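To find a chain, count down the sequence lines: A is the first, B the second, and so on, and within it residues start at 1. What you see is a predicted model, and the numbers here were worked out from it, not measured in a lab.
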Amino acid sequence: MTEHKPRLRFAPSPTGFMHIGGYRTLLFSWLYARHTGGSFILRIEDTDVARTVEGAIEVMLDGMRWLGMDYDEGPIIGGQYGPYYQTQRKALYQEYAHQLIESGHAYRCYCTSERLEQMRNAQAAQKLPPRYDRHCRYLTDEERDANEAAGLKWVVRFAMPLEGETVVHDEIHGDITFKNSDIDDAVIVKSDGFALYHLAHIVDDHLMGITHVLRGDDWISSAPRHVQIYNALGWEIPLFYHVPNVLGKDKKKLSKRHNAPSWVELKEKGFLPEAVFNFLALIGWAYDDKTELFTREELIRVFTLDHIGAAGGIYDQDKLLWMNGVYIRQLSLEDLVERALPYMERPEAEGGLPDSVGRSLDRQYTSSVLHLEHERLKTLGEAAEVVSFFFVDELHYETAMLVQKGMDIGRTHAGLVRARDLLNSLEEWRHEVMEPPMRELAAELGLKPGQLFGAIRVAISGRTATPPLFETMEVLGRERSMARIEQAIERSA
RNA sequence: GCCUCGUUCGUCUAGUGGCCAAGGACGCCGCCCUUUCAAGGCGGAGAUCACGGGUUCGACUCCCGUACGAGGUACCA
């Protein structure tokens, strides 16, 4: 019944940790599958055993989970088109490789890597494009038998048509035409018997009934080879969408070493997955000329493939930061506390509160602290730093910070003394109660509110920027606030 | 080198022949609000739509070329 529904796949290879650009392409496929009610399949392209990195798949799957993307068929959960690891499909590829050889579309190549290297060097010297010279394509039966008898190792190469053109129909770029003579005979099965991407993904996509292939546009150059293989096998070609890659600030393809964060880093910095999800959807895709804040459900509803652009987009962390702030502000206070707590409670070295602060944090108190900081936060990760003065016993600041613009140490001291006395005389420790008389005091002292309040702000927090002063003091508590003002009075004496 | 793709404000982008002397957002600047910092409101700078030719009554939108950028050119994906 889902037979004619779209089936999309994402096929990562576990050769490293996938960066955020990979998730963007994954997101597009996932969104479209969900938009159409089709299926989303995950397939692990692990044929390059030598480069496989331990744990890469798990981290990748965790990233999907973090971002809120599920899949209908794939590793762990399986599915009716499995297995979903290419290393477990080896026999399948060999079968089709054999079929291609039988039909004359592929051949065994016995060239050694030494010979190939020599050949390429010679081509480079003559400024020719490096291309396999098809030496083994034209071996006689006798030569072939001799090679086999000698037990030479071989690979399978796909025999590209020598003449003519291949047109790749791409839903984003339109038709792209290649001269067949520009494309050499690629290896499709290695000497260890494993198929390469060029063969494996075609066999899999076909057998798994994939209807839409979304992949990075760096695949365009090998796409003509793929259509030829589809043709040779007599299979229907899925719709191709070569989506633009996400670029780094230097406009180069993202690479983990270089300029791309992994989802783990984003999580550690305290970006919300829903913000990252929203942000990612907007690189290379746009709904209209103004809407850019979307919930997951909205995105699923409005996401279509025809709005994907053709040009590569740069990953702009500043905008992500802004969007994350928007999402944080939309959180209820309870949610904020719930989600910020783990960040605040991690070790100081990892960005948490100073280790001197006992864990676990008092929820009620943290909640009132976060209430004040809510609209000021851009990431969950920065919470600890910004609110630490609420939790710490000792404040560290330069005495000079107490002195506000247009003030001197003497007047500051005097102001603090008068403020202390006034505050001490208050019946209630609520900001509405503190503020009016404090304003009067400032006026009486001939000071601007900021001059008096600024000094107190530094006294109670050790900082020049905090949430509104009296609310801060209310949360900090009477004891602690007065003790800190007292200290400031001593320091400024 | 060869092949291919791409090119609208610094960045993400809207724009599918007239609605565009190009709209939104981030960032930046200024003003307002204001006890600081944010948030919010208002305003501003910022793109001769890479350049040059066509096609057309009319082009950011179609075609060709050039430049620049990127990708590919592996028994990697």
Heavy atoms under 4.0 Å, any strand shown: does [X] hit a base, just sugar-phosphate, or nothing?
X: A:Tyr287; value: nothing
X: A:Gly454; value: nothing
X: A:Arg215; value: nothing
X: A:Pro468; value: base
X: A:Pro129; value: base
X: A:Lys378; value: sugar-phosphate
X: A:Leu196; value: sugar-phosphate
X: A:Val187; value: sugar-phosphate
X: A:Lys290; value: sugar-phosphate
X: A:Gly284; value: sugar-phosphate

Lys/Arg cation over aromatic A:Phe389: A:Arg463, 6.0 Å, 45° cone: no
Lys/Arg cation over aromatic A:Tyr315: A:Arg24, 6.0 Å, 45° cone: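 Pair A:Arg24/A:Tyr315 does not count as cation-pi.
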Any donor-acceptor N or O pair under 3.5 Å, side chains A:Gln404, A:Gln451: no
Check: A:Asp46/A:Thr87 side-chain N/O donor and acceptor closer than 3.5 Å: yes
Expressed in whole Å, how much space separates the [atom1] atoms belonging to [N] and [M]?
N: B:G41; M: B:A14; atom1: P; answer: 24 Å
N: B:C31; M: B:C12; atom1: C1'; answer: 27 Å
N: B:A67; M: B:A22; atom1: P; answer: 30 Å
N: B:C60; M: B:U16; atom1: C1'; answer: 11 Å
N: B:C62; M: B:C5; atom1: P; answer: 15 Å
N: B:U8; M: B:C49; atom1: C1'; answer: 4 Å
N: B:A59; M: B:A25; atom1: P; answer: 30 Å
N: B:C9; M: B:G23; atom1: P; answer: 13 Å

Would you tell me if any nitrogen or oxygen in the side chain of [X] comes within less than 4.0 Å of OP1 or OP2 on [N]?
X: A:Arg225; N: B:U73; answer: no
X: A:His242; N: B:C5; answer: no
X: A:Thr47; N: B:A77; answer: yes
X: A:Arg120; N: B:C75; answer: yes
X: A:Arg131; N: B:U73; answer: no
X: A:Lys179; N: B:C2; answer: no

Base-pairing mate for [N] - Watson-Crick or G-U, with both contacts under 3.5 Å:
N: B:A39; answer: none
N: B:A25; answer: B:U11
N: B:U4; answer: B:A70

For A:Asn324 against A:Gly270, the heavy-atom pair lying closest together: ND2-O, 3.3 Å
Non-hydrogen atoms of A:Gly446 and A:Arg411 that approach each other most closely: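 So the minimum-distance heavy-atom pair works out to O-NH2, 3.9 Å.
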Shortest side-chain distance from A:Asp289, nucleotide among B:G23, B:G71, B:A25: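 Side chain of A:Asp289 sits closest to B:G23.
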Nucleotide nearest A:Val155 when distance is taken to its side chain, options B:C75, B:U35, B:G6: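 For the A:Val155 side chain, the nearest candidate turns out to be B:C75.
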A:Lys90/A:Asp192 ion pair, N-O < 4.0 Å: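 Salt bridge absent between A:Lys90 and A:Asp192.
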Value in whole Å for how far the [atom2] atom of [N] lies from [atom1] of [X]:
X: A:Asn245; N: B:A70; atom1: CG; atom2: P; value: 13 Å
X: A:Tyr197; N: B:A74; atom1: OH; atom2: P; value: 17 Å
X: A:Lys319; N: B:U13; atom1: NZ; atom2: P; value: 9 Å
X: A:Asp184; N: B:C2; atom1: CG; atom2: P; value: 17 Å
X: A:Asp316; N: B:G24; atom1: CG; atom2: C1'; value: 15 Å

Sole residue of A:Asp184, A:Thr166, A:Asp185 in side chain to side chain contact (heavy atoms under 4.5 Å, CB included) with A:Arg225: A:Asp184
Given A:Asp217, A:Leu305, A:Ile308, the one that forms side chain to side chain contact (heavy atoms under 4.5 Å, CB included) with A:Val243: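 Considering A:Asp217, A:Leu305, A:Ile308, a side chain to side chain contact (heavy atoms under 4.5 Å, CB included) with A:Val243 is found only for A:Ile308.
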Donor-acceptor pair under 3.5 Å, A:Ser113 side chain vs B:C75 base: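 For A:Ser113, whose side chain was compared with the base of B:C75, there is no donor-acceptor pair (under 3.5 Å).
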Interface residues of residues 457-467 of chain A with RNA chain B (non-hydrogen, below 4.0 angstrom): A:Arg457, A:Thr464, A:Ala465, A:Thr466, A:Pro467
Value rounded to 0.5 Å, distance of NE2 in A:His135 from SG in A:Cys111: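 Nearest 0.5 Å value for the NE2-SG distance: 5.0 Å.
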